[in-house]
Amino acid sequence: MKKLTILLAALLLLWAVSACGAGDTASAGTSSLDVDLTALSSTMVYAEVYNMMYTPDDYMGKTVRMTGTFAVYEGEGRNYYACIVADAAACCSQGIEFVLDGDYSYPEDYPALGSTITVSDVFDTYYEGEYMYVQLIDAAME
C-alpha cells in the first residue's frame with residue numbers, strides 16, 4: 001500500500017511539473033504565447049512566477065501572459081508597475097514588473113491600485129546597479 005501511495009504521489013507531482021512549463025500557444029493580440037499563466041491554478045501560477053524570478057534565462061524572449069493585481073512603486077526618477085500574484089494560501093505574493101508599449105501616464109492611463117489586470121508580452125531582464133530584475137517589455141494590458 002505504501003508503494004502505491006508513493007507511486008501515485010510521484011505521478012501527481014510529475015503531472016503538475018509538466019503542466020508548469022508547457023505554455024499554451026493561444027493568441028495574445030498578434031503574438032503567440034509561450035507561457036500562459038492565466039490557464040494555471042493559483043498554486044501553479046505562483047510556482048511558475050517563482051521559477052521566472054530565479055531562473056530568468058529559461059524565459060528570456062518568451063511571450064508571457066498573466067493575470068494578477070495591479071501595483072505600482074513610485075521610485076526616484078521612474079515608476080515601476082507590476083502584476084502581483086499570491087500563493088494559494090494568500091500569505092505570500094510576488095510579481096513581475098511590466099512596461100507598457102506606448103506613451104502612458106500614471107495614474108491617468110492605469111487602473112486603480114489593487115485592480116485585477118492581465119498583461120502579456122516579452123519576458124526580459126535588466127540591471128539597476130548590481131541587481132537584476134525581470135519584466136515584461138512592450139506589454140499590453142487587458
Side-chain angles (χ1 to χ4, degrees), residues 1-29 31-102 104-142:
M1 185 66 168
K2 187 174 181 179
K3 286 183 181 181
L4 179 60
T5 303
I6 292 171
L7 178 62
L8 288 174
L11 288 173
L12 181 61
L13 181 61
L14 181 62
W15 173 77
V17 170
S18 67
C20 197
D24 286 313
T25 56
S27 176
S31 304
S32 66
L33 291 175
D34 296 308
V35 181
D36 187 357
L37 300 177
T38 64
L40 302 177
S41 71
S42 62
T43 301
M44 294 305 295
V45 169
Y46 187 81
E48 191 73 9
V49 171
Y50 177 89
N51 285 336
M52 293 170 144
M53 303 293 279
Y54 290 97
T55 59
D57 290 344
D58 295 345
Y59 298 91
M60 287 296 292
K62 291 188 177 183
T63 302
V64 176
R65 181 173 186 233
M66 68 185 295
T67 297
T69 303
F70 175 68
V72 62
Y73 170 72
E74 297 183 49
E76 292 183 31
R78 74 171 267 215
N79 292 337
Y80 301 86
Y81 308 102
C83 184
I84 307 293
V85 295
D87 67 349
C91 68
C92 304
S93 62
Q94 58 189 346
I96 295 182
E97 179 187 349
F98 64 90
V99 178
L100 292 178
D101 183 22
Y104 296 93
S105 180
Y106 181 78
E108 296 82 24
D109 299 323
Y110 287 84
L113 291 175
S115 297
T116 300
I117 61 168
T118 300
V119 293
S120 59
D121 226 311
V122 179
F123 185 87
D124 195 20
T125 60
Y126 69 96
Y127 284 87
E128 282 189 4
E130 63 185 70
Y131 298 104
M132 182 178 68
Y133 299 92
V134 301
Q135 66 181 351
L136 298 179
I137 55 172
D138 299 329
M141 187 169 30
E142 300 172 29

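FYI, the numbering just counts along the sequence from 1. Note that the coordinates shown come from a computational prediction; the quantities given were computed from them, not determined experimentally.
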**Student:** Under a 4.5 Å cut-off applied to non-hydrogen side-chain atoms, are Cys83 and Met141 in contact?
**Tutor:** no

**Student:** Hey, could you give me the OG1/OH distance between Thr125 and Tyr59, rounded to the nearest 0.5 Å?
**Tutor:**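 One gets 14.0 Å once the value is rounded to the nearest 0.5 Å.
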
**Student:** Which atoms form the tightest heavy-atom contact between Pro56 and Val134, and what is the distance?
**Tutor:** CB-CG1, 4.0 Å

**Student:** Please list, one pair per line, the donor and acceptor atoms closer than 3.5 Å that link side chains of residues 37-44 to other protein atoms, with sequence neighbours excluded.
**Tutor:**
from, atom 1, to, atom 2, distance (Å)
Thr38, OG1, Asp36, OD1, 2.4
Thr38, OG1, Asp36, OD2, 3.4
Thr38, OG1, Arg65, NH1, 3.4
Ser41, OG, Met44, N, 3.3

**Student:** OG1 of Thr63 to CG of Asp121: how many Å apart, nearest 0.5 Å?
**Tutor:**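 Here the interatomic distance stands at 6.0 Å.
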
**Student:** Can you tell if the side chain of Val122 reaches within under 4.5 Å of the side chain of Asp138, non-hydrogen atoms only?
**Tutor:**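 SC-SC contact between Val122 and Asp138 ruled out.
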
**Student:** Rounded to the nearest 0.5 Å, how far does CZ of Phe98 lie from CD1 of Ile117?
**Tutor:** 4.0 Å

**Student:** Are there over 12 heavy-atom neighbours, none belonging to Glu76, within less than 6.0 Å of that residue's CD?
**Tutor:**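 Open.
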
**Student:** How close do Asp101 and Tyr104 get, counting heavy atoms only, and between which atoms?
**Tutor:** O-CE1, 3.1 Å

**Student:** Look at atom OH of Tyr50 and say whether more than 12 heavy atoms of other residues, nucleotides or ligands are closer to it than 6.0 Å.
**Tutor:** no

**Student:** For Tyr81 and Phe70, take the angle between the two ring planes, folded into 0 to 90°, and tell me which bin it lands in: parallel under 30, tilted 30 to 60, perpendicular over 60.
**Tutor:** parallel

**Student:** Calculate, to the nearest 0.5 Å, the distance between atoms OH and CD belonging to Tyr54 and Gln94 respectively.
**Tutor:**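 Going from OH on Tyr54 over to CD on Gln94, the span is 7.0 Å.
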
**Student:** Quick one: does Tyr110's side chain get under 4.5 Å of Val72's, heavy atoms only?
**Tutor:**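 No, every pair of side-chain atoms sits at 4.5 Å or beyond.
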
**Student:** Identify whether the distance between the nearest side-chain nitrogen and carboxylate oxygen of Arg78 and Glu97 falls below 4.0 Å.
**Tutor:** yes

**Student:** Over all heavy atoms of both residues, which pair between Gly75 and Tyr80 is shortest? Give the atoms and the distance, please.
**Tutor:** CA-CE1, 4.2 Å

**Student:** Nearest 0.5 Å please: distance from the CD1 atom of Ile84 over to the CE atom of Met66.
**Tutor:** 7.5 Å

**Student:** What heavy-atom pair brings Glu142 and Ser120 nearest, and what distance separates the two atoms?
**Tutor:**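 So the minimum-distance heavy-atom pair works out to OE2-OG, 4.2 Å.
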
**Student:** Please check this pair: side chain of Asp124 against backbone of Gln135, looking for a donor-acceptor N/O pair closer than 3.5 Å.
**Tutor:**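 No, because the side chain of Asp124 does not come within donor-acceptor range (under 3.5 Å) of the backbone of Gln135.
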
**Student:** Give the intermediate values and the outcome of side-chain contact (heavy atoms from CB on, under 4.5 Å) for residues Met52 and Ile96.
**Tutor:** CA-CA 9 Å; Met52 293 170 144; Ile96 295 182; 3.4 Å; yes

